[in-house]
Amino acid sequence: MNIHEYQAKQLMQKFGVATPRGDVASTPEQAESIARALGTNNLVVKAQIHAGGRGKGKFEHGFQGGVHLCKTASQARDIAAQMLGKRLITHQTGPQGRIVRKVLITEGVDIQRELYFAILLDRSISAPMIIASTEGGVEIETVAAQNPEKIIREPIHPTLGIQPYQTRKLARKLQFGSTDMRAACRLFAALYRLFIESDCSLVEINPLVQTKGGDVLALDAKFNFDENALFRHPDILAMRDPDEEDPREVEASKYHLNYIGLNGNIGCMVNGAGLAMATMDIIKYYGGEPANFLDVGGGANEEQVTEAFKILVSDPNVKAILVNIFGGIMKCDIIAQGVINAYRTLERQEQRLVPLVVRLEGTNVDKGKELLRQSGLPLEAADDLADAARKVVAAVQNQKK
Amino acid sequence: MAILIGNNTRLLVQGITGKAGSFHTRSCIEYGTNVVAGVTPARGGELFDGKIPVFDTVSEAVAATRANASMIFVPPEFAADSILEAVDSGIPLIVCITEGIPVLDMMRVKAAMRNSTSRLIGPNCPGIITPGQCKIGIMPGYIHKPGGVGVVSRSGTLTYEAVWQLTQRGIGQSTCVGIGGDPINGTSHLDVIKMFNDDPGTEAIIMIGEIGGSAEEEAAEWIKHNCQKPVAAFIAGVTAPPGRRMGHAGAIVSGGKGTAQAKIEALRDAGIEIAETPADMGDAVIRAMKRRNG
């Protein structure tokens, strides 16, 4: 789950992580009053969408850039008016772009230097790890590839948490002087508390800046949250913005289906994440392109299977569907009944139907196969995984001819 | 012979009265597993299906029944606590099936277990089975066959796929261990491979991994220098879109490891027979055995 820049800022403020002053606006008038209240002639207006590359982006009506500097509150209002309600296209949004619904107004910062600071869960040591570098404001992957010696690593004890000496050690390695150290240490400790108490899997501050006035500020932040822990963070869950998500994924999450949209044309419905990934792999091996990753989970019911099927069919790119189920907890007859129900519903609604290849194995497999046979559905049964992949790829290729 | 579980296993089920817990407890009993006790707080004194005593706490259950393994079906909010309760009672083998446990909870559990004698399998795993003897978990029993191939996997249904391919080719399994797909788990690929290497009943090994982390690379490094038995492997996720599962900086820590391609190269370099597709897992084991014997 991703959050907006202004939400990240609010979260950091809550934990005492220093950020530039500012607030979020939904109308040009709000933008103006926020800018006026900041009382500075050094202002930044930023379009709020989840995609990166905003600064170099372009609006549908030709307005250049999703990040603008300006001097007066009325200028801030005019820029906000150019952004709000318009589509911003960046290299990450695709050609359709994203509608800007909010803008963030902050004071500009006189940057002395830019640093990198991240906290993540390092699975190899089963503990949090801090990654930092004096080389901020650029992609950390580039730094790691070109100047690996400039990457600082500090593992944190899983139950003790970050210790004050570790914040001092990090501050010194990041070349903070004796007088500036305190502000840096305070920020590191606050950020660690945010990481733990919000159940993050990644907090990345890039850049972390030292201003000419000596302040240490988080200028831009990226958060990843542990989806498994969202049940205990209703405040974070409330930050979810369905407008920013793939509508297929939003629909799937309503039914607790694990769905990731891709760009191919073969829809897949599989149980278990590993088998779902492996099914995508084998489709590709035989020359096809998966349209999605869809794990219906271990204990899906008939309704979930029906909804999963509907989501697959509703994708206009999908030219054929492969259902691959190895029943453990999941019973094959439940899958079969779900597929039949979904197919019948779509038939009644006179919706587009596509060729269907079904491969069932495991618990109640005979019952499942029998149900499919009796249903008279125009589907192709597959004997094993390779057979299924070959059949579904052929089904797509036959349509091209 | 086998590893971890067999005819001497005395199983306790934490969360035995829940929907999933009761369903799978029955399927384990049907398979022949000796289920001696169940634990559900505030349900102590009941009998599960009229024969298995239910206790309020794990320590009481262990004292009364000498249970030596636990299977956990407790909901994710409470599962970390259940694992710690089993550790506190000194149960040597804890198999946590529960999916969806917050990763920071598992981080704390793992730290707390550092000096314990208990072994945790999972969480978010299908469990363990020694075919013909004992099943602790949710896998369909009938797809297995007693024999000599040790199976270790991070994925549930993909393991069934591998096992089914082996069984259909007339090749049985010594023990199948699902270590779970979560970022932090109790037992690694390497832990299980070392056990298979020491087990006289295991003749060959198949390791089923997936993208993310570096557990498969670590196992490959050990196998290269120490493993006495033929090993085959499959890595899922060659076509997975990058960045959807792992955060940016995650790739930095593991030093460029974690992609399916990097894993497959590390495995090949260690002399491991690679299954090209998930349909090739059974045959990859056969090739690995032939290569060793030929």
Side-chain angles (χ1 to χ4, degrees), chain A residues 118 120-124 126-129 131 140-141 144 151 153 157-159 196 199 201-202 204 222 224 226-229 231-232 260 262 270-286 290 293 297-299 325-330 361-363 384-387 389, chain B residues 20 23-24 76-77 99-108 110-112 126 138-140 143 153-161 164-165 181-184 208 210-215 218 234 236-241 244 247-256 260 276-280:
Chain A
L120 57 100
L121 187 83
D122 183 351
R123 50 202 286 174
S124 67
S126 300
M129 172 77 87
I131 308 281
I140 193 68
E141 286 84 351
I151 303 272
R153 288 181 175 77
H157 191 281
T159 52
I196 293 292
D199 276 293
S201 50
L202 169 73
E204 188 179 42
K222 176 181 156 71
N224 285 352
D226 176 9
E227 307 261 337
N228 288 349
F231 70 87
R232 57 190 179 202
I260 295 176
L262 302 167
V270 189
N271 66 327
L275 190 59
M277 263 195 290
T279 303
M280 286 162 49
D281 293 346
I282 198 166
I283 286 173
K284 200 142 184 169
Y285 183 84
Y286 285 109
F293 166 96
I325 301 294
F326 209 118
I329 301 186
M330 172 72 77
E361 202 58 71
T363 309
D384 58 39
L385 193 44
D387 186 40
Chain B
F23 176 82
H24 291 290
E77 305 91 294
E99 177 181 353
I101 303 177
V103 68
L104 291 184
D105 288 8
M106 280 313 301
M107 174 182 87
R108 295 182 189 103
K110 183 122 181 169
I138 60 179
M139 61 291 275
I143 62 171
S153 169
R154 262 159 76 170
S155 150
T157 45
L158 196 49
T159 317
Y160 311 160
E161 185 69 51
W164 184 235
Q165 288 173 24
D182 280 2
I184 294 183
I208 301 159
E210 56 190 50
I211 51 167
S214 57
E218 282 153 29
F234 174 72
V238 180
T239 56
R244 284 308 296 260
H248 245 50
I252 301 294
V253 187
S254 46
E276 290 287 342
T277 76
D280 182 43

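No hydrogens, no waters, no symmetry mates; every other heavy atom, side chains included, goes into these values.
Contact of A:Ser126 with chain B is made through backbone and side chain together, with heavy-atom distances under 4.5 Å. Both the backbone and the side chain of B:Ile138 come within contact range of chain A, judged by heavy atoms closer than 4.5 Å.
Across A:Gly274 and B:Ser155, no two heavy atoms sit closer than the pair CA-OG, 3.5 Å. The shortest non-hydrogen separation linking A:Asp281 to B:Gly237 is OD2-N, 2.7 Å. B:Asp105 approaches A:Arg232 most closely through the heavy-atom pair OD1-NH2, 2.8 Å.
Counting heavy-atom pairs closer than 4.5 Å to chain B, the top-ranked of the candidates A:Thr159, A:Ile325, A:Asn228 is A:Asn228. Ranked by heavy-atom pairs under 4.5 Å with chain A, the first of B:Pro183, B:Ala111, B:Ala236, B:Pro76 is B:Pro183. The choice from B:Glu276, B:Gln165, B:Met106, B:His24 that makes the most heavy-atom pairs within less than 4.5 Å of chain A is B:His24. Of the residues considered (B:Gly100, B:Ser153, B:Ala279), B:Gly100 shows the highest number of contacts with chain A, using heavy-atom pairs under 4.5 Å. Interface check for chain B: of the options A:Ala386, A:Pro290, A:Ala278, A:Ala229, the most heavy-atom pairs under 4.5 Å are formed by A:Ala278.
The main-chain N or O of A:Asn271 is found under 3.5 Å from a side-chain atom of B:Thr157 such that the two form a donor-acceptor pair. Under the 3.5 Å distance criterion, the side-chain polar atoms of A:Asp226 are left unmatched by any main-chain donor or acceptor of B:Pro102.
In this structure the side chain of A:Pro128 reaches within 4.5 angstrom of the side chain of B:Met107, judged on heavy atoms. A heavy-atom distance below 4.5 Å is found between the side chains of A:Met277 and B:Ile211.
A:Thr363 contributes atom OG1, which lies 8.0 Å from atom OH of B:Tyr160 (distance to the nearest 0.5 angstrom). Here B:Thr277 contributes atom OG1 and A:Ile283 contributes atom CD1; the two are 12.0 Å apart, rounded to the nearest 0.5 Å.
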Exercise for review: Before giving the answer on side-chain contact (heavy atoms from CB on, under 4.5 Å), spell out for A:Leu275 and B:Glu161 the whole-Å C-alpha distance, their side-chain angles and the decisive distance to 0.1 Å.
Suggested key: CA-CA 8 Å; A:Leu275 190 59; B:Glu161 185 69 51; 4.0 Å; yes

Practice item. Evaluate the side-chain contact (heavy atoms from CB on, under 4.5 Å) criterion for residues B:Leu104 and A:Leu121: first the C-alpha distance (whole Å), next the side-chain angles of each, then the deciding distance (0.1 Å), finally the verdict. Key: CA-CA 9 Å; B:Leu104 291 184; A:Leu121 187 83; 4.0 Å; yes

